[in-house]
There are 2 protein chains.
Amino acid sequence: MLAARKSSERIATKLLRDSGRTRERLLQAASREIYRSGFQSASLDTILAIAKVTKGALYYHFKSKEELGYTVVEEVIAPNVRGKWVRPLQSGKDPIDALIGAVQRIPVRPVDVRGGCQLNNLSQEMSPLDAGFRKRLAIIFDAWREAVASVLREGQTHGSVRRDVEPAEAAGLLIAMVEGYGSLAKNAQDPKVMKAGIRNIVDWLRSLRAPGNRRRG
Amino acid sequence: MLAARKSSERIATKLLRDSGRTRERLLQAASREIYRSGFQSASLDTILAIAKVTKGALYYHFKSKEELGYTVVEEVIAPNVRGKWVRPLQSGKDPIDALIGAVQRIPVRPVDVRGGCQLNNLSQEMSPLDAGFRKRLAIIFDAWREAVASVLREGQTHGSVRRDVEPAEAAGLLIAMVEGYGSLAKNAQDPKVMKAGIRNIVDWLRSLRAPGNRRRG
DNA sequence: CTGCCAACATACCGACCAGTATGTACGTTA
DNA sequence: TAACGTACATACTGGTCGGTATGTTGGCAG
């Protein structure tokens, strides 16, 4: 108990002195700069300028640029994907409706479309070059696919999703479509491409509904 | 006539001295190194080492790294895409068969899958950062989509493709699927992902066939 | 034989890169 | 209050980058 009190005081003090945010500011700045220009081309000096942090602070919290990148994957990108593609599917709603909702919530502002998908960008760049990135990014992709497959399986047991749909295959196809249209839209630098893609994906999702289970349109 | 003879002699001499290949070797080496590590991270010194050419020769033929990259797009990547996705569709075969053939000819060797798509790789990296790349790459994507849309339209007039298919939309979806699965496979570094994707794309292509026009399977 | 130019080759440059060595302010502990 | 460790800040390093300035070679015209 005394030890516990000491420990909590210690943490409180740390948070006070640190403002509790140097590490977090570094991760956010790194995430943004990596998103903008890729991991390899992201300059530490640029990241430090964005975060308004010095090199000493960076290398106090992370032992290398690589480790900073890994931490961005684990503490920024992974939670983002979970928040958009895992938790919303566990809402208990109709599976197809939940999936359509997630697809329709894909950002289509010009700035988002032009930048592409955080997860896919980094994965495309680093998966072939660095096993540490590949492993961490693969975990995110797997969780994404499993969340989609899981909600489809659940829909099949409740009769709202066609039985002839193979959940794992359909989940892979959904993700391929999302990333594929994301790529095309980024390449074209045009939100219209993404909007058209979302319509096509939604149409396809509707085709997965079991007959006699059609809801709204 | 005398001028013409002089000129051809001159070219022959040039080719002899040059071995006719310094520029070509540079383009091939640049293409490979850009494919491997991206344009920004591709080092000129590495490209020169691969091509066995010196910096003087490089800057005699190209005025900057940027121009070298642009030329790779125009003289290496564009012909590759034309050879795989434009010419094969103009063969006069059944449109759906031609499309299925093109999809099934997508390379699935580990080395190809791990490296991803030349066109998409470069486009993902450079389209948001450089208008020169974006313009040149967009031309290739447009030609690809137009070739697919064109063969679908042709199929509709001949009755082999469903009339309710919107050729431009379907072409976009095909490309999104191809690039999407290519991305997933590259991310996973696993040819099985690409093979599964090809099966799904082929199944989808078959669904575009007009009823009563089913050929083999 | 001579001057000339295309087609390189070599040596070098300042800028920037990731990373490090060292200094320091400040809250805590004894 | 003195020693100490945390959480940085500053200044610097060797290496690599794209790009350039200058040298060299060899065929060919005059």
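Letters A, B, ... mirror the listed sequences (proteins, then strands); counts begin at 1.
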Just list the side-chain donor-acceptor pairs under 3.5 Å for residues 48-58 of chain A, sequence neighbours left out, or say none.
residue : atom : partner : partner atom : Å
A:Lys55 : NZ   : A:Asp45 : OD1          : 3.1

Could you give the side-chain donor-acceptor pairs of residues 76-89 of chain A under 3.5 Å, partners two or more places apart or in another chain?
residue : atom : partner  : partner atom : Å
A:Asn80 : ND2  : A:Gln118 : OE1          : 3.0

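Legend: residues meeting ring-ring contact (aromatic ring centres under 6.0 Å, His included) with B:Phe62, ordered by chain and number and at least two apart, are absent. The salt bridge (Lys or Arg N to Asp or Glu O under 4.0 Å) search around A:Asp190 returns A:Lys192, not counting sequence neighbours. Take B:Phe141 and apply the ring-ring contact (aromatic ring centres under 6.0 Å, His included) test, not counting sequence neighbours, and it matches no residue.
In this structure, OH of B:Tyr59 is placed 13 Å from C1' of C:dC13, rounded to the nearest angstrom. In this structure, CD of A:Glu24 is placed 17 Å from C1' of D:dA7, rounded to the nearest angstrom. Here the P atom of nucleotide D:dC17 and the CD atom of A:Gln40 are 12 Å apart, to the nearest Å. For the pair A:Phe62 CZ and D:dA7 C1', the interatomic distance rounds to 14 Å; values are reported in whole Å.
Residue pairs meeting the salt bridge (Lys or Arg N to Asp or Glu O under 4.0 Å) criterion with at least one partner in residues 174-189 of chain A, sequence neighbours excluded, are absent. Pairs engaging residues 59-77 of chain B under the salt bridge (Lys or Arg N to Asp or Glu O under 4.0 Å) rule: B:Arg23-B:Glu75, B:Glu74-B:Arg136 [sequence neighbours left out]. For residues 140-152 of chain B, every residue pair satisfying the salt bridge (Lys or Arg N to Asp or Glu O under 4.0 Å) rule, not counting sequence neighbours, is listed here: B:Asp142-B:Arg145, B:Glu146-B:Arg153. Pairs engaging residues 111-135 of chain B under the salt bridge (Lys or Arg N to Asp or Glu O under 4.0 Å) rule: B:Arg109-B:Asp112 [sequence neighbours left out].
Listed in residue order, the members of residues 121-134 of chain B having a heavy atom less than 4.0 Å from DNA chain D come to none. Residues of residues 29-37 of chain A that place a heavy atom closer than 4.0 Å to DNA chain C do not occur. Within residues 42-58 of chain A, the residues having any heavy atom closer than 4.0 Å to DNA chain D are, in order of number, A:Thr54, A:Lys55, A:Gly56, A:Ala57.
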